[in-house]
There are 2 protein chains.
Amino acid sequence: MRVTIAEVARRARVSKTTVSRVLNNKADVDAATAIRVREVIAATGYIPSAGAVGLARGVTRTVGMLVPGLTWPWMGEVLQGVADVVEAKGYGLLLSTANRGAESLEEFSRQVSAKAFDGLLLVEPPDAVRHLRVLHDSGLPVVVIDDRGRRPAFPSVGTSNREGGAAAARHLLGTGRTRLATVTGPRDFGCTTDRLTGFRDVVREAGLTLDPRLIIEGDFTSESGEAAIRQLLDSGPEFDAVFAHNDLTAAGVLAGLRKAGRTVPDDVAVVGFDDIPLAAHTQPPLTTIRQPLREMGETAARQLLAQLGGAPRPDEPLIVPTSLVVRESTQDTVSAPDSGTSREESPR
Amino acid sequence: MRVTIAEVARRARVSKTTVSRVLNNKADVDAATAIRVREVIAATGYIPSAGAVGLARGVTRTVGMLVPGLTWPWMGEVLQGVADVVEAKGYGLLLSTANRGAESLEEFSRQVSAKAFDGLLLVEPPDAVRHLRVLHDSGLPVVVIDDRGRRPAFPSVGTSNREGGAAAARHLLGTGRTRLATVTGPRDFGCTTDRLTGFRDVVREAGLTLDPRLIIEGDFTSESGEAAIRQLLDSGPEFDAVFAHNDLTAAGVLAGLRKAGRTVPDDVAVVGFDDIPLAAHTQPPLTTIRQPLREMGETAARQLLAQLGGAPRPDEPLIVPTSLVVRESTQDTVSAPDSGTSREESPR
DNA sequence: CTGAAAGCGCTTACAG
DNA sequence: CTGAAAGCGCTTACAG
């Protein structure tokens, strides 16, 4: 049925060894022989069996990718970035989900042990820490795409969370706001700390202080954003701007302000983080700190493939910078450029 | 380094054959022997090499999935549905993208020929028709997840586009609207035809007619929605409701109406299609026809695995029904239930 | 420049 | 109940 290397060898009247040689572009093959073999390959449409090649060579030319879930609004961009470079290099992408908790991690560990792939991309390791040891011990090359900004034991790629927070503050101060509120992500996330630190530093440099009563902990859901606004409006001090640590939260902030009769950006300016598709469609459209998700995916994949090629592991996280995307939630339409959206790169 | 079946056999003082037998739970193994082998397996942490098993058995326990792109707002749900059932059955998921056009399709065809997976899930085959022949000829089991509603040559799963359109019309008529406008998807998409047909049928049954001047062709982008509204407002007849063929278009419709000073839902009611995450965050939140993306992914994966298990191919497309999700874009908040969102299954 | 043979790590008749 | 041997489809020393 399926044409094998043996069949090609037979038809070309050479040995399998020779076919293998032309397949892999080794030198030391007579030109005429090579041509003959290639003709047979073309005529039969022969493609080497990935499994057999893998077994013989000890590699699979496949990279695994473990993600906490596929329905997160920013996952698509990361995946696309990864897929682009992985495919360009002729590698396969084996995707796994960790959304059934321990069970899926165990299942996944089996795949690792079964040597189903050569290297691994990890997105935001949930509580996989224990399982990660197995990976490390097995010598599997790993790169983590770390939304949380922690510094893990593996090579990682992240974004400039701190600088992103700083850019949000600079922008808000630049539009004349002075009483800045923040709805953070979960406290124990590294990215929350970083975004808050960058934000606070800029505010301080401007000679202002961040009122602690205006810093509310959220959980990255829009509900937490809306709840934060209710709380602030009920019992907090006045504020004229809100920095939400992600766009979903910012959407909740917008909803909360609207229900309370505050207008955006006139009464309150709002800045989000991420720049998910939603951000352009909120009312008003959301100014946000763009997280370069696709580039992060690309960078991680490139780094992993480099390691597979023998490159050394970097000992510092790879940082892909954020950028500020200005929309109407922080400034009036009339003062904005014709497109209604402008984008400026973060310094450095 | 890596522990192999030979090593396990040696330690358990049996042949590789016997180890293989207990691995695969064959009968005819002495109980005591089996226990001994299992102990060695547990002690060594032995996991059979996926590649070797695949080569010997001729199957990979991996399914391929080819998608047009990963950044579409609804792709995550489909992927998650697929991943859930595929992983539960112990299969791997090899993901490929077709967003580099012919090049990626060729690369993909190689994977097919290389027998890198046992079966294939296809999302919305772009213009892969020609390449599909290769798949068919190779006897590879294929299931297509067909957003376009065409009836392809392969087993497929789709949604009830026609009934979805009908539900939109029923809902709009039920809220007292009579001059219904539509912004469709591209004309040559099967789903566009189906959604329009279902919509029109209900309108006719109600004794009304669909004014052809109120049917604008869009292209599933929010820009096309906004442009359609401009056109309608400029030169079209009056209307009090808009059915957009997807949520992105509906978001554009909302923006267009807002800019023109029309209020939603008071002046105009708006219904979308899909129920992507965005839909709950537009202003006002969008009533929409929910497409059961996750269930579609699950259904497709289940069907494919069934075929791998020898089940016959269904000759009719598998249909997962839409449902109506009512939010504020078609009715006043005050008349809505406390949640602000209600959902009703489509009849049948 | 070329080929026979061993090996990658399993499974599966076949024989006992 | 168990094992030796062949086979899956390649690659890679090794020898010529």
Minimum-distance nucleotide (side-chain atoms of [X] versus [options]):
{"X": "D28(A)", "options": "dT11(D), dC1(C), dC1(D)", "result": "dC1(C)"}
{"X": "S20(A)", "options": "dG3(C), dT11(D), dC1(C)", "result": "dT11(D)"}
{"X": "R57(B)", "options": "dT12(C), dC8(D), dG3(D)", "result": "dT12(C)"}
{"X": "V14(A)", "options": "dT11(C), dT2(D), dG3(C)", "result": "dG3(C)"}
{"X": "V53(A)", "options": "dT11(D), dC10(C), dG9(D)", "result": "dT11(D)"}

Please give, in whole Å, the distance from [N] [atom2] to [X] [atom1]?
{"X": "K16(B)", "N": "dC8(C)", "atom1": "NZ", "atom2": "C1'", "value": "11 Å"}
{"X": "I5(B)", "N": "dG9(C)", "atom1": "CD1", "atom2": "P", "value": "11 Å"}
{"X": "L55(B)", "N": "dT11(C)", "atom1": "CG", "atom2": "C1'", "value": "10 Å"}
{"X": "R13(A)", "N": "dT2(C)", "atom1": "CZ", "atom2": "P", "value": "15 Å"}
{"X": "L23(B)", "N": "dG9(C)", "atom1": "CG", "atom2": "P", "value": "15 Å"}
{"X": "R2(A)", "N": "dC8(D)", "atom1": "CZ", "atom2": "C1'", "value": "11 Å"}
{"X": "K26(A)", "N": "dC1(C)", "atom1": "NZ", "atom2": "P", "value": "15 Å"}
{"X": "R61(B)", "N": "dG9(C)", "atom1": "CZ", "atom2": "P", "value": "22 Å"}

>> Can you tell me how far apart CG (L66(A)) and CG (L121(A)) are? Round to the nearest 0.5 Å.
In response: 10.0 Å
> Counting just side-chain N and O atoms, does T18(A) come under 4.0 Å of either OP1 or OP2 of dG3(C)?
Replying inline: yes
> What is the pairing partner of dA13(D), taking Watson-Crick or G-U wobble pairs with both distances under 3.5 Å in any strand?
Replying inline: none
>> For dA4(C), give the paired nucleotide (Watson-Crick: N1-N3 plus N6-O4 or O6-N4; G-U: N1-O2 and O6-N3; both under 3.5 Å), or none.
In response: none
> Does the distance from a Lys or Arg side-chain N to an Asp or Glu carboxylate O, for E7(A) and R10(A), drop under 4.0 Å?
Replying inline: yes
> Is there a donor-acceptor pair under 3.5 Å between the side chain of S20(A) and the backbone N or O of K16(A)?
Replying inline: no
> Hey, is the main chain of G76(B) close enough, under 3.5 Å, to the side chain of T71(A) for a donor-acceptor pair?
Replying inline: no
Could a donor-acceptor pair under 3.5 angstrom be found where the side chain of [X] meets the base of [N]?
{"X": "T33(B)", "N": "dT2(D)", "answer": "no"}
{"X": "T17(B)", "N": "dT12(C)", "answer": "yes"}
{"X": "R21(B)", "N": "dG3(D)", "answer": "yes"}

>> For A27(A) and A52(A), find the nucleotide of DNA chain C closest to each by heavy atoms; which residue's nucleotide sits nearer the 5' end?
In response: A27(A)
> Can you name the one residue among V53(B), I41(B), T4(B) that meets side chain to side chain contact (heavy atoms under 4.5 Å, CB included) with P48(B)?
Replying inline: V53(B)
